[in-house]
Amino acid sequence: MPELPEVETIRLALEPHLVGRRFEDVEIRDPRLVRPFEPTAVAAELEGERVAALDRRGKYLIVRFESGRVLLIHLRMTGSLRHAAAGSLADDPHRRAVVKLDDGSDVAYRDVRRFGTWHLLEPEEVDEYLAQRLGREPLDRTFTARRLAERLDRRRAPVKAALLDQRTVAGLGNIYVDEALWRAEVHPLRPAASLDADEIARLTKGIRDALRTAIARQGSSLRDYSTPDGRRGRMQERFRVYGREGEPCARCGTPIDKIRAGGRGTWYCPNCQRLQPRSAQAARRSAKRPSRSSRHSSA
DNA sequence: AGGTGGACCCGAACGC
DNA sequence: TGCGTTCGGGTCCACC
């Protein structure tokens, strides 16, 4: 569930604590985290590395070491990171790894569902690994309506499914796709390639606005996510559609509807986000159950 | 080849 | 009350 805004919030909070620090002692408690490699082997590789930078691509947290090697952390659904003075964190049955830094602080990794991954890459492997999996950064200046249109072109999948594909745009998940589509007033089931230039432009802006707003509120804490100092994000209070089935649309008051799209629970406003243009819907209705006037004209 | 659905996990919510 | 079942969600993979 951590999506781009949550990972960026974590990056911003950890960066000043990590950059320049050495990984003094590394304990990997869950072999799934580094599969197929041995936890003790990966821990030994990490010990002694000094952090040069903390970056992010999509939902990946990128720990760059002075050696050029890179630790790619993906939180998947329930991963989270805490930073605190050594020994100050309470025991946690879901703690999967702990890194002791050379300033006497700990970075603890927690993951209830154990989907998260720590991937140690050699310098020459990093760019290709990320390029294979990720499209453009939605908050970069290079993410434009034209670029998005290129990625959606000729795709017959629902636009929601296309946006969940990390190669279309990096960093969107189920929550912020729904929020972006609501802002753009685009129905989640619209075939991706069917969007016109104006809709693409609105979607580009909707994606950026949804993500920026969420970063400003330190992300969304529904269950497992928290910032590295243990605080909750506040974006969940501002969702326009996600999880709001039956509640009135903030724009028009119509009750938010829930459907399935891209294999995911999907919330949208059935009035603001139309599958068919209004005129086409009216035409179909009158074809099925003719009104007085259309009965007159077609008879 | 692009699109879809299942597997991986586990706690919470739900149903009887 | 208690137990079994369903659900969710990011990514990969198998299959159509």
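Here is the naming used below: chain letters follow the sequence lines, and residue numbers restart at 1 for every chain.
Across residues 91-99 of chain A, not one residue has a non-hydrogen atom less than 4.0 Å from an atom of DNA chain C. Near-neighbour residues of DNA chain B inside residues 152-171 of chain A, defined by a heavy atom below 4.0 Å, number-ordered: A:R155, A:R156, A:A157, A:P158.
In this view, A:Y129 and A:Y60, A:L72, A:H119, A:L121, A:R133 satisfy the side-chain contact (heavy atoms from CB on, under 4.5 Å) rule, not counting sequence neighbours. Residues that satisfy the side-chain contact (heavy atoms from CB on, under 4.5 Å) test with A:R183, not counting sequence neighbours, are A:D209, A:A210, A:T213. A:A161 pairs by the side-chain contact (heavy atoms from CB on, under 4.5 Å) definition with A:A157, A:P158, not counting sequence neighbours. For A:K160, the salt bridge (charged side-chain N to carboxylate O under 4.0 Å, His left out) partners are A:D178, not counting sequence neighbours. Remark: A:R151 pairs with A:R167, A:T168 by the side-chain contact (heavy atoms from CB on, under 4.5 Å) rule, at least two apart or across chains. Under the rule for a ring-ring contact (aromatic ring centres under 6.0 Å, His included), A:F115 has no partner lying at least two apart in sequence or in another chain. The ring-ring contact (aromatic ring centres under 6.0 Å, His included) check on A:F143 picks up nothing, with sequence neighbours excluded.
As a whole-Å value, the separation of A:Q132 CD from C:dT11 P is 15 Å. Taking atom NE2 of A:H119 as the reference point, atom P of C:dT11 lies 15 Å away to the nearest angstrom. Going from atom CG of A:D111 over to atom P of B:dC8 covers 17 Å, rounded to whole Å.
Listed by first and then second residue, the ring-ring contact (aromatic ring centres under 6.0 Å, His included) pairs involving residues 173-211 of chain A are A:H187-A:Y268 (not counting sequence neighbours). Sorted by first then second residue, the salt bridge (Lys or Arg N to Asp or Glu O under 4.0 Å) pairs that include residues 71-96 of chain A, not counting sequence neighbours, are A:D92-A:R110.
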Report summary line: Going 5' to 3' through nucleotides 4-9 of chain C and flagging B where a protein heavy-atom sits under 4.0 Å of the base, S where only the sugar-phosphate is that close, and - otherwise, we get ----BB

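Look at A:H74 and you won't find any side-chain N or O under 4.0 angstrom from OP1 or OP2 of C:dG10.
Between A:F65 and A:F23, the ring-plane angle classifies as perpendicular under the 30° and 60° cut-offs.
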